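The model shown is predicted, which means the values in this text are computed figures rather than measured ones. We name chains A, B, ... by the order of the sequence lines, and we start the count at 1 in each one. No hydrogens, no waters, no symmetry mates; every other heavy atom, side chains included, goes into these values.
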Amino acid sequence: MPELPEVETIARGLEPRLRGRAVAAVELLHRPLLRRGGPKALAALKGRRILGVRRRGKMLFIELEGRRTLVFHLKMTGQFLFSPAAEPRDKHTRLVLRFEDGRDELRFHDIRKFGFLLCVDGDPACACGELAALGPEPLEIGLPDFAALLKQRRARIKALLLDQTALAGIGNIYADEMLFDAGIHPRKPASALSRAAVGRLHAAMRKILTQAIAEGGSTLQDFRDAEGREGNYQDSHMVYGRAGEPCPVCGSAIRRIIVAGRGTHFCPRCQ
DNA sequence: GCCACTGTTAGCAT
DNA sequence: CATGCTAACAGTGG
């Protein structure tokens, strides 16, 4: 579930509640979650203060003193929630961060167990090939670079939008929404887009992601921010999850097809 | 109960 | 190399 806007929302919510707090312990409840660093690296976080929380693509970074970083990928069902230490833990809780002030604890909850954690000493990009290979941020890439990127790829435009090495952070929902906004068919080869279409897609990408962040992301089933709140952007979805409903622009029935192995929603007339 | 479906991506086949 | 499918997991809904 969490794509760029959801992870950004989580990071912004975690930051003020984590910054400056010292870690008392990290409890790993599901061993496979930890893909880099090992239990010793987690133990070495004791006593260190949290300096900040950032996002890169769909990954979330908790930065600590001494160049240590916890890198989380939430995959489909990862969530963070603060709870009083006395409150019973859900069976899907995979990791708990306890603090020296003892006010509450941060729990990482992940039903499907696809999420992962890296505990890194130094530059996170050196510890994870996937992280090092991430493409540019969609909200930072300029139009000339975006156009050059599309020009050199023959894959379907939707597959390119989902390719994290091309652009970092776009997932299934926002790929469909930005293609609709730009009036582009999801199966169109990226290199075949006209100059005008590339311009529309660049603008749509910025508009959709910016609005989604402003709305706190989209909640379809699981997504909650660090305060347990749902996002609101699902109310603004034009095509995602609306197969069979009339297109908000032209009234044609929204269709659902499979592109790049993913359920894909689009208007056959506008796109 | 069984089957189809789900927001991600790694790994393998083509 | 580039691209496309499928499996990994667990839960939900028909």
Protein-nucleotides 2-5 of chain B N/O pairs closer than 3.5 Å?
from	atom 1	to	atom 2	distance (Å)
B/dC5	O3'	A/Arg256	NH2	3.4

Scan nucleotides 3-7 of chain C against the protein and return all N/O pairs shorter than 3.5 Å with their distances rounded to 0.1 Å.
from	atom 1	to	atom 2	distance (Å)
C/dT3	OP1	A/Arg154	N	2.8
C/dT3	OP1	A/Ala155	N	2.9
C/dT3	OP2	A/Arg153	NE	2.8
C/dT3	OP2	A/Arg153	NH2	3.4

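At B/dG7, none of the side-chain N or O atoms of A/Lys58 fall inside 4.0 Å of OP1 or OP2 (strictly under the cut-off).
Counting Ile, Leu, Val, Met, Phe, Trp and Tyr side chains that sit under 4.5 Å apart, directly or through other members, A/Val71 shares a hydrophobic cluster with A/Met59, A/Phe61, A/Phe116, A/Leu118, A/Val120, A/Leu131, A/Leu134. Other cluster members for A/Phe266: A/Ile257, A/Val259, joined by side-chain heavy-atom distances under 4.5 Å among Ile, Leu, Val, Met, Phe, Trp and Tyr. Hydrophobic cluster membership of A/Leu162, counting Ile, Leu, Val, Met, Phe, Trp and Tyr whose side-chain heavy atoms lie under 4.5 Å apart directly or via other members: none, as it forms a cluster of its own.
Applying the side chain to side chain donor-acceptor pair (under 3.5 Å) test to residues at least two apart or on different chains, the pairs with a partner in residues 194-213 of chain A are A/Asp181-A/Lys207. Within the structure, ring pair (Phe, Tyr, Trp, His ring centres under 6.0 Å) contacts touching residues 26-54 of chain A (residues at least two apart or in different chains) do not occur.
For the pair A/Leu149 CG and C/dA2 C1', the computed distance is 14 Å after rounding to whole Å. Whole-Å rounding puts the A/Met178 CE to B/dG7 P distance at 15 Å. Rounded to an integer number of Å, the gap from A/Leu209 CG to B/dG7 P is 17 Å. Separating the CG atom of A/Leu134 from the P atom of B/dT8 is a distance of 14 Å, rounded to the nearest angstrom.
Residues passing the ring-ring contact (aromatic ring centres under 6.0 Å, His included) test with A/Phe99: none are found, sequence neighbours excluded. A/His109 pairs by the side-chain hydrogen bond (donor to acceptor under 3.5 Å, both in side chains) definition with A/Asp90, not counting sequence neighbours. Residues passing the side chain to side chain contact (heavy atoms under 4.5 Å, CB included) test with A/Glu137 are A/Leu4, A/Arg55, A/Arg56, A/Glu140, A/Ala168, sequence neighbours excluded.
Residue contacts shown for A/Phe116 are absent, as no nucleic acid heavy atom lies under 4.0 Å away.
A salt bridge links A/Glu130 with A/Arg35: the distance from a Lys NZ or Arg NE/NH1/NH2 to an Asp or Glu carboxylate oxygen falls below 4.0 Å. Remark: A/Arg224 engages A/Glu230 in a salt bridge, criterion side-chain N to carboxylate O under 4.0 Å. Salt bridge status for A/Arg54 with A/Glu63: present, with a side-chain N to carboxylate O gap under 4.0 Å.
A gap of 22 Å separates the C1' atoms of B/dG7 and C/dT3, to the nearest Å. When the P atom is used for both C/dA7 and B/dC3, the distance is 15 Å, rounded to whole Å.
Ring pair A/Tyr174/A/His237 is perpendicular by interplanar angle, where above 60° counts as perpendicular and below 30° as parallel.
Stems are defined here as 3 or more consecutive Watson-Crick or G-U wobble pairs with pairing distances under 3.5 Å; those involving DNA chain B are B:2-6 with C:10-14, B:8-14 with C:2-8.
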Contact state string [nucleotides 8-14 of chain C, B base, S sugar-phosphate only, - no protein heavy atom under 4.0 Å]: BBBS---
